[in-house]
Amino acid sequence: MLSKKEFKLLFDTYFDAVRSFIFYRCGDTDMASDIAQEIFMKIWEKKEQLHNNNLKALLYKMANEMVISSYRKETSRNHFEQDMIRNDASGLSPEEEILFKELATSYARALEQMPEKQRIVFLMSRNDELKYHEIAGLLDISIKTVEKRMNSALQFLKKVLLTETKNETGQY
């Protein structure tokens, strides 16, 4: 159990460091402060279940997970907004519009089927236009791992989209 005094000491000791860690991962001071506050609120809410050993590691683990979660939410929101803009601004013929919607549906389905680690790297690269070294820094993985996941994601998309196109048209 974590006492009020122990929590205050934990907060005073680690709040700035956790907030800085989050800032380095997301680059947004407001977001870093919000996430850091949320982490300490969760720690306080769970104080009955926590013991004073290794709370520093727990804080950083929570920070990492919340940054990734926040990033996923933002990516989903941006993807939805981009879809809405594309649908409103399309100057396509009715036939082209149907083909575009079918392709968009196939693409969305393929993304859902894609392994999560590959999907995260792919969306960070393609939607957010992050460079591989930026993705590696955000996810705390090597650049080679980013390259491998990106390559796997592209191969997966190619395979799934070609298979669906072949199935829909009956030809290749």
Engineer: Test your reading of the model: is there a side-chain donor-acceptor pair from Q113 to the backbone of A110, 3.5 Å cut-off?
Structural biologist: no
Engineer: With heavy-atom distances below 4.5 Å as the criterion, would you say the side chains of M150 and Q155 are in contact?
Structural biologist: no
Engineer: Any chance you could lay out the side chain to side chain contact (heavy atoms under 4.5 Å, CB included) test for L154 and F122, step after step, and finish with the verdict?
Structural biologist: CA-CA 8 Å; L154 292 171; F122 178 79; 3.7 Å; yes
Engineer: Where does the angle between the aromatic ring planes of F15 and F40 fall among parallel (under 30°), tilted (30 to 60°) and perpendicular (over 60°)?
Structural biologist: tilted
Engineer: Mind checking whether L99 and L103 have side chains closer than 4.5 Å, heavy atoms only?
Structural biologist: no
Engineer: For T145, give me all partners under side-chain hydrogen bond (donor to acceptor under 3.5 Å, both in side chains), at least two apart in sequence or on another chain.
Structural biologist: S142
Engineer: Look only at the side chain of T105 and the backbone of K101, and say whether a donor-acceptor pair between them is shorter than 3.5 Å.
Structural biologist: yes
Engineer: Does Y107 belong to the same Ile/Leu/Val/Met/Phe/Trp/Tyr cluster as I120, with side-chain heavy atoms less than 4.5 Å apart forming each link?
Structural biologist: yes
Engineer: Could you tell me whether the side chain of S69 and the main chain of E65 form a donor-acceptor pair under 3.5 Å?
Structural biologist: no
Engineer: Could you work out, with side-chain hydrogen bond (donor to acceptor under 3.5 Å, both in side chains) as the rule, every residue matching R119, not counting sequence neighbours?
Structural biologist: none
Engineer: Is it true that a side-chain atom of E6 and a backbone atom of S3 form a donor plus acceptor pair closer than 3.5 Å?
Structural biologist: yes
Engineer: State the CZ-CG distance between R149 and N151, to the nearest 0.5 angstrom.
Structural biologist: 13.5 Å
Engineer: Flag the pair K144 and E147 as a salt bridge only when some basic side-chain nitrogen lies within less than 4.0 angstrom of an acidic carboxylate oxygen.
Structural biologist: yes
Engineer: To check you understand the geometry: which heavy-atom pair defines the closest contact between Y71 and M124, and what is its length?
Structural biologist: OH-CG, 2.6 Å
Engineer: Applying the side chain to side chain contact (heavy atoms under 4.5 Å, CB included) test to V18, which of L59, T13, I35 qualifies?
Structural biologist: L59
Engineer: Linking I/L/V/M/F/W/Y whenever any side-chain heavy atoms sit under 4.5 Å apart, do F23 and V67 land together?
Structural biologist: no
Engineer: Flag yes if W44 and L55 sit in one hydrophobic cluster, no otherwise; membership is Ile, Leu, Val, Met, Phe, Trp, Tyr, and two members link when side-chain heavy atoms are under 4.5 Å apart.
Structural biologist: yes
Engineer: Heavy atoms only: give me the nearest R19-D16 pair and the separation to one decimal.
Structural biologist: NH2-OD1, 2.7 Å
Engineer: Report whether F11 and Y60 are members of the same hydrophobic cluster (ILVMFWY, side-chain heavy atoms less than 4.5 Å apart, transitive linking).
Structural biologist: yes
Engineer: Let me confirm one number: the CG-CE distance from D34 to M41, rounded to the nearest 0.5 Å.
Structural biologist: 10.0 Å
Engineer: Less than 4.5 Å apart, side chain to side chain, heavy atoms only: is that true for E134 and K131?
Structural biologist: yes
Engineer: Once you round to the nearest 0.5 Å, how far does CZ of R109 lie from CG of L161?
Structural biologist: 9.5 Å
Engineer: With a sphere of 6.0 Å drawn around NZ of K47, does it hold more than 12 non-hydrogen atoms of other residues, nucleotides or ligands?
Structural biologist: yes
Engineer: Rounded to the nearest 0.5 Å, what's the gap from CG on L162 to OG on S106? Could you check?
Structural biologist: 11.0 Å
Engineer: With rounding to the nearest 0.5 angstrom, report the CZ to CD1 distance, F7 to I43.
Structural biologist: 7.5 Å
Engineer: Give a yes or no answer on whether the side chain of S70 reaches the backbone of M66 with a donor-acceptor pair at less than 3.5 Å.
Structural biologist: no
Engineer: Hydrophobic clustering (ILVMFWY, side-chain heavy atoms < 4.5 Å, transitive) - are L123 and I143 grouped together?
Structural biologist: yes
Engineer: Which atom names give the shortest non-hydrogen contact between A32 and I22, and what distance separates them?
Structural biologist: CA-CG2, 3.5 Å
Engineer: Search all heavy atoms of I39 against all heavy atoms of M62 and return the closest pair with its distance.
Structural biologist: O-CE, 3.9 Å
